[in-house]
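Model, not experiment: these values are computed from the prediction.
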There are 2 protein chains.
Amino acid sequence: MNIGAVSEKSGLPAKTIRHYEDIGLLKPDRAGNGYRDYSMVDVHRLRFLQRSRSLGFSVEDCRQLLSLYGDSDRESADVKAIANAKLSDIDRKIAELIGLRDMLRHLVKNCHGDSRPDCPIIEGLAGEARVQ
Amino acid sequence: MNIGAVSEKSGLPAKTIRHYEDIGLLKPDRAGNGYRDYSMVDVHRLRFLQRSRSLGFSVEDCRQLLSLYGDSDRESADVKAIANAKLSDIDRKIAELIGLRDMLRHLVKNCHGDSRPDCPIIEGLAGEARVQ
DNA sequence: CTTGAGATTCCCCTTACTGGAAGGTTTATG
DNA sequence: CATAAACCTTCCAGTAAGGGGAATCTCAAG
């Protein structure tokens, strides 16, 4: 599969896919003409990268997550530790997104017509920032 | 309030806070000694930036979100449109995080001891990528 | 009054892409 | 077959969003 098809299937620009190869996140075969030749496994890795990058995980986070199944030398205990750490991150992100969503919903609801909302949304914006 | 205190309250490094000022996301007062002097509103904006950046929103997304309450010239319909667009993004992100979490949980559960997991997790990694 | 913590600016470095040039390949068309 | 469009290659340079660290200044404590 050529890079264009993979780009479409993964939702990532070809530039980014080549970049991920440069930094060692995948190593597609090469066809006789020099074109990169991707497998479905590559597509899966790239879709995964697209998802987790857009959710705020760093490339190094993604590399760890990808190593969870890709590295057959890795010990199971190690896999579990990494996965559990990432699970905490994910739970926190979910909670924060829900907070953000509720805040925005409140803003939309209290935004009644022709002038700016007069609710004290600014405090909601900051999450649990009730410090002083 | 000096930048150190604000850094602690917002969870952002001082460097980043100055950077956000450089790109126009806030404009703290200056004390007589030249030090930046932050208000609680600044702290709220920064906490908000910290949260939404870590959730994968770009700085420009954040700028729009911040403008939802900061710009008194903005029309309400405009506010609603932006907020609703961001709400869709947030809902999608939440769904993706939940998918990621379930995938990782499955991995942890099926990771029984001393060798690499033998479940076909690689397909789970790619989300709903059942294309061919 | 000096010493250490914290502030300032400035400049360069890093991460993670992104755009564009210059050129080779494949595919569709006259 | 020719040739043009579409797609691929590498390479180099630029952007976005900070981070490191020097040189200097200021504030609080002893």
Side-chain angles (χ1 to χ4, degrees), chain A residues 1-39 42-43 45-67 86 89 93 96 100 131, chain B residues 1-40 42-43 45-67 86 89 93 96 100:
Chain A
M1 197 181 338
N2 281 353
I3 202 168
V6 173
S7 170
E8 202 165 322
K9 288 187 182 181
S10 66
L12 287 169
K15 285 269 185 183
T16 302
I17 297 173
R18 293 195 194 97
H19 173 69
Y20 287 163
E21 179 178 352
D22 287 345
I23 63 177
L25 289 173
L26 46 99
K27 319 127 213 83
D29 289 345
R30 293 286 176 145
N33 55 11
Y35 285 19
R36 289 168 178 84
D37 184 19
Y38 296 90
S39 68
D42 292 323
V43 173
R45 291 178 76 90
L46 289 167
R47 282 192 60 83
F48 174 73
L49 283 162
Q50 189 280 319
R51 282 211 297 164
S52 39
R53 286 289 296 131
S54 86
L55 295 170
F57 288 98
S58 74
V59 167
E60 287 316 305
D61 286 334
C62 295
R63 196 189 298 274
Q64 283 201 333
L65 286 164
L66 283 171
S67 81
K86 297 302 174 196
D89 291 352
K93 280 176 191 284
E96 288 182 344
L100 203 55
V131 267
Chain B
M1 196 182 334
N2 281 353
I3 201 168
V6 174
S7 170
E8 202 164 322
K9 288 186 182 183
S10 67
L12 288 169
K15 284 271 186 182
T16 302
I17 297 173
R18 293 196 192 96
H19 175 67
Y20 286 165
E21 180 177 352
D22 287 345
I23 62 176
L25 289 173
L26 54 114
K27 319 126 212 84
D29 289 345
R30 292 286 175 145
N33 55 12
Y35 285 19
R36 289 167 178 84
D37 185 18
Y38 296 91
S39 67
M40 278 316 282
D42 292 324
V43 174
R45 292 177 75 89
L46 289 167
R47 282 192 61 82
F48 174 73
L49 283 162
Q50 189 280 319
R51 282 211 299 163
S52 38
R53 287 289 296 131
S54 85
L55 295 170
F57 288 98
S58 73
V59 166
E60 287 316 305
D61 285 335
C62 295
R63 198 190 296 276
Q64 284 200 333
L65 285 164
L66 283 171
S67 82
K86 296 302 173 195
D89 291 352
K93 280 176 192 285
E96 288 182 344
L100 204 53

Please tabulate the protein-to-nucleotide N/O contacts below 3.5 Å involving nucleotides 23-26 of chain D, giving atom names and distances.
none

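- Where the helix from C:dA16-D:dT15 to C:dG30-D:dC1 starts and where it ends, the local axes point in directions that differ by 20°; five pairs per end, rounded to 10°.
- Taking 4.0 angstrom as the limit, B:R36 places a side-chain polar atom (N or O) nearer than this to OP1 or OP2 of C:dT8.
- Here OG of A:S52 is found 12.0 Å from CG of A:D89. Values are rounded to the nearest 0.5 Å.
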Any N/O pairs under 3.5 Å between the protein and nucleotides 2-4 of chain D? List them or say none.
none

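- The two atoms that bring B:G56 and B:K93 nearest to each other are O-NZ, 3.5 Å, heavy atoms only.
- One finds the CZ atom of B:R63 at 12.0 Å from the CG atom of B:L65 (value rounded to the nearest 0.5 Å).
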Got a list of side-chain donor-acceptor pairs under 3.5 Å for residues 18-31 of chain B, not counting sequence neighbours?
{"unit_1": "B:E21", "atom_1": "OE1", "unit_2": "B:R36", "atom_2": "NE", "d": "2.5"}
{"unit_1": "B:R30", "atom_1": "NH1", "unit_2": "B:G34", "atom_2": "O", "d": "3.0"}

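- Across the protein-nucleic acid pair, B:D61 atom CG and D:dA16 atom P stand 14 Å apart, rounded to whole Å.
- Between the side chain of B:N2 and the backbone N or O of B:G4 there is no donor-acceptor pair closer than 3.5 Å.
- Put simply, CG on B:D37 is 15 Å from C1' on D:dC27, counting in whole angstrom units.
- What separates CG of A:D22 from P of C:dT15 is a distance of 14 Å, to the nearest Å.
- In this structure, the separation between CD1 on B:I17 and CG on B:D42 is 9.5 Å, given to the nearest 0.5 Å.
- Between C:dT9 and B:R30, a contact under 4.0 Å exists linking OP1 or OP2 to a side-chain N or O.
- In this structure, CG in A:L100 is found 5.5 Å from CZ in B:F48, a value given to the nearest 0.5 Å.
- Note: CD1 (B:I17) to P (D:dA17) measures 17 Å, nearest angstrom.
- Rounded to whole Å, atom P of D:dG18 lies 11 Å from atom CG of B:L46.
- For the pair A:I3 CD1 and D:dT10 C1', the interatomic distance rounds to 12 Å; values are reported in whole Å.
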Please list each protein N or O that sits under 3.5 Å from an N or O in nucleotides 16-22 of chain C, with the distance.
{"unit_1": "C:dA16", "atom_1": "OP1", "unit_2": "A:V59", "atom_2": "N", "d": "3.4"}
{"unit_1": "C:dA16", "atom_1": "O3'", "unit_2": "A:R53", "atom_2": "NH2", "d": "3.2"}
{"unit_1": "C:dC17", "atom_1": "OP2", "unit_2": "A:Y20", "atom_2": "OH", "d": "2.7"}
{"unit_1": "C:dC17", "atom_1": "OP2", "unit_2": "A:R53", "atom_2": "NE", "d": "2.8"}
{"unit_1": "C:dT18", "atom_1": "OP2", "unit_2": "A:T16", "atom_2": "OG1", "d": "2.9"}
{"unit_1": "C:dG19", "atom_1": "N7", "unit_2": "A:K15", "atom_2": "NZ", "d": "2.8"}
{"unit_1": "C:dG19", "atom_1": "O6", "unit_2": "A:K15", "atom_2": "NZ", "d": "2.9"}
{"unit_1": "C:dG20", "atom_1": "N7", "unit_2": "A:K15", "atom_2": "NZ", "d": "3.4"}
{"unit_1": "C:dG20", "atom_1": "O6", "unit_2": "A:K15", "atom_2": "NZ", "d": "2.1"}

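- Note that the CE atom of A:M1 and the OG atom of A:S7 stand 12.0 Å from one another [nearest 0.5 Å].
- Applying the salt bridge (Lys or Arg N to Asp or Glu O under 4.0 Å) rule to A:K86 yields the partners A:D61; only residues at least two apart in sequence or on another chain are considered.
- Side-chain N/O atoms of A:R18 include one lying less than 4.0 angstrom from OP1 or OP2 on D:dT9.
- Partners of B:E96 by side chain to side chain contact (heavy atoms under 4.5 Å, CB included), not counting sequence neighbours, listed by chain and number: A:R51, A:S54, A:L55, B:R92.
- Rounded to whole angstrom, the span from the CG atom of B:D29 across to the P atom of C:dT8 amounts to 13 Å.
- Taking 4.5 Å as the limit, some side-chain heavy atom of B:L46 sits within range of a side-chain heavy atom of B:L49.
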